[in-house]
Every structure is written in structure tokens, then in C-alpha cells.
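We count residues from 1, following the sequence as given.
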Amino acid sequence: MKTSRFITLGCLMLAAVAAEAALQSVKVDATQLPLVPAGLRSQGFRSGEVVVVLNVHADGRLGESLVLAASHRALIQPTLDVLQKWRFTPAQQDGQPVMAQLQVRIDFQQNGVVVVNRTVAEIVAAKIAGFSERSFDFVTCSPGEIDRPLAPLATVAPRYATEAYQDGVRGRVKVEFFVDENGDVRMPVVAADTHPYLSTVAVEALRGWKFAPPTRGGQPVQVAAVQEFAFGTTDGS
């Protein structure tokens, strides 16, 4: 039996992009679709779904990838393996290639290719499963779903240069990211209108953070999170 796959795509900019310039999203030039493992087919597999977020470098290379949800854990590795064979045209900001983040949903049931504008944050806010009738074997949690608030075990302060302060480069930076089952920071992202210098130092610092592994019902889980950094301001603005 041939199983078809339905792909949806969405794009969200990473750090260090200019606020005023127009964004041209990542383009997927070539894809291969994962096969359903024989073990699942022998169990009477009918349909499934995997949601993945990808970093695409400014030269079009695939960077870090992270599974946000999977109806069957057995579908995760085949999906990640085949994504390595995909080819991309990088996003552009003001005509220059930049790193960007792409969200991919592969549905092992329906036909067709549809492009949608849905950011990773919006997906998690919808609890991912909220737009699917399926139950998920693996799913990213929202902060309110874990047993206790995220607790950093180690933090790194951003390297905010005195020259930047003197030049008036100030403000607050909100970084959205994921904490995986080991407590590691994954896929940090900022809004495209964030100052590029502040974006860079905020993301670099957050990548050095380590959290106590989050749990839900006593079991390790992956969770979406937000951290805000203030640079040269104490007035809350």
C-alpha cells in the first residue's frame, strides 16, 4: 500500500537581521519524503504526522533540526534522515541571504503541497495537536503543562559592549527557544525587527544556558520557553 505525504511549510527569522528590510522566506527546492517503517506497516499503520523545525543557513545548508511533535515515535528518525537530502534557497533580508527558521509538517495520509504562514511560537501556542485530530506519541509542551517552572542550572550573561551602549544601541530582546528533555537550549529565535547586534549577543548567551530537565507527570518532556534580556535600560521599556 502506498502512503502519501502532505507537507506544510512556515518561516520565522533568526537573530541578526535588519529591522527595516523586507524578508524573503526560505524556499524548498527539492524534497524526498520519508518511508513508513516496516514495523509500523505490519501493525496496521493508517496515518501519521511529524512536525519539525529547521535552521537553514545563509548558504542554503540545513543546520540544526528539532522535532516538535510526532504521532508515532518510529516516524521521527526516518523524517530527520530524509530532511538531510532536502535542498533550500536561503531566506533573504534586504537582498542579502540570512539564516532563517523553517517549520515543516509531514502528514502521512493526504496529498498535495501547501504553503502556510505559521510561526513556531504560534504552533506551540496552539499546542500543536490543537490543529490535528490525531493523538501524539511525542509532543512539545507549553510552560504551563510541565510539573514545575523551568529552573536554570547555569546561565551566561550577554556580552554587551560599552561602545554599543555609548552608541545608543539599547533595548529589550525577547528570545523564544525550546528546552529539550536533557535540559539543553535548542533553536533560539528572535523577531526580525530586533537590532542585529542585540539579537546576536542575546542568542549567543542563551545558548550557554542549561536547565534542569523538564518533566510532565514525572516523565522527561520538551518545552517551549521565552527569555527576555535588557540592554542599557532599567525603565521596563
Describe, in one word, how the ring planes of Tyr165 and Tyr160 are oriented to each other, choosing from parallel (under 30°), tilted (30 to 60°) and perpendicular (over 60°). perpendicular
With side chain to side chain contact (heavy atoms under 4.5 Å, CB included) as the criterion, how do Val139 and Glu145 come out once you've worked through the C-alpha distance, each side chain's angles and the decisive distance to 0.1 Å? CA-CA 11 Å; Val139 65; Glu145 295 178 302; over 6 Å; no
One should read off an interatomic distance between Leu83 CG and Leu102 CG, to the nearest 0.5 angstrom, of 9.5 Å
Using modelled atom types and a 3.5 Å cut-off, is there a donor and acceptor pairing between side-chain atoms of Arg41 and backbone atoms of Val36? yes
Would you say the side-chain atoms of Asp167 pair up with the backbone N or O of Val169, donor to acceptor, closer than 3.5 Å? no
With a 6.0 Å cut-off on the ring centroids, do His72 and Phe45 count as close? yes
Supply the atom-to-atom distance Arg87 CZ to Thr31 OG1, rounded to the nearest 0.5 angstrom. 11.5 Å
Start with the C-alpha gap between Val173 and Phe231, add the side-chain angles, then the distance that decides, and say whether side chain to side chain contact (heavy atoms under 4.5 Å, CB included) holds. CA-CA 8 Å; Val173 178; Phe231 296 95; 3.7 Å; yes
Give the minimum heavy-atom separation between Val104 and Ile106, together with the two atoms involved. CG1-CG1, 3.9 Å
Hey, what do you get for CD (Gln84) to CD (Gln32), rounding to the nearest 0.5 Å? 11.5 Å
If you compare all heavy atoms of Gln101 against all heavy atoms of Pro188, which two are closest, and at what distance to 0.1 Å? NE2-O, 4.2 Å
Nearest 0.5 Å, please: how far is CG in Leu198 from CZ in Arg170? 11.0 Å
Tell me if a side-chain donor or acceptor on Gln222 pairs with a main-chain N or O of Val67 at a distance below 3.5 Å. yes
How long is the span from the CG atom in Leu40 to the CG atom in Leu35, to the nearest 0.5 Å? 12.0 Å
Candidate list Val189, Val185, Val223, Leu66, test side-chain contact (heavy atoms from CB on, under 4.5 Å), partner Phe178, passing option: Leu66
How long is the span from the CD atom in Glu176 to the CD atom in Glu228, to the nearest 0.5 Å? 11.5 Å
Could you walk me through whether Ser71 and Glu49 satisfy the side-chain hydrogen bond (donor to acceptor under 3.5 Å, both in side chains) test, starting with their C-alpha distance in whole Å, then the side-chain angles of each, then the deciding distance to 0.1 Å, before giving a yes or no? CA-CA 5 Å; Ser71 59; Glu49 183 174 348; over 6 Å; no
Plane angle bin for Phe211 and Trp209 - parallel if under 30°, tilted between 30 and 60°, otherwise perpendicular: tilted
How close do Ser65 and Leu54 get, heavy atom to heavy atom, and via which atoms? CB-CD2, 3.6 Å
Between Arg159 and Glu204, is there a side-chain N and carboxylate O pair less than 4.0 Å apart? no
Considering all heavy atoms of both residues, which atom of Pro90 and which atom of Val98 are nearest to each other, and what is their separation? CB-O, 4.3 Å
Closest contact, heavy atoms only, Ala164 versus Tyr197: CB-CE2, 3.5 Å
How far apart are the C-alpha atoms of Val175 and Phe229, what are their side-chain angles, what is the distance that settles it, and do they pass the side chain to side chain contact (heavy atoms under 4.5 Å, CB included) test? CA-CA 8 Å; Val175 185; Phe229 296 97; 4.2 Å; yes
I'd like to know if Lys210 pairs up with Asp184 as an ion pair, taking the criterion as any Lys NZ or Arg NE/NH1/NH2 lying under 4.0 Å from an Asp or Glu carboxylate oxygen. yes
Could you tell me if the side chain of Leu150 sits less than 4.5 Å from the side chain of Pro214, heavy atoms only? yes
Please confirm whether the backbone N or O of Glu64 pairs with a side-chain atom of Asn55, one donor and one acceptor, at under 3.5 Å? no
Could you tell me which non-hydrogen atom of Val156 sits nearest to which non-hydrogen atom of Gly208, and how far apart they are? CG2-O, 3.6 Å
Any donor-acceptor pair under 3.5 Å linking the side chain of Asp29 with the backbone of Thr89? yes
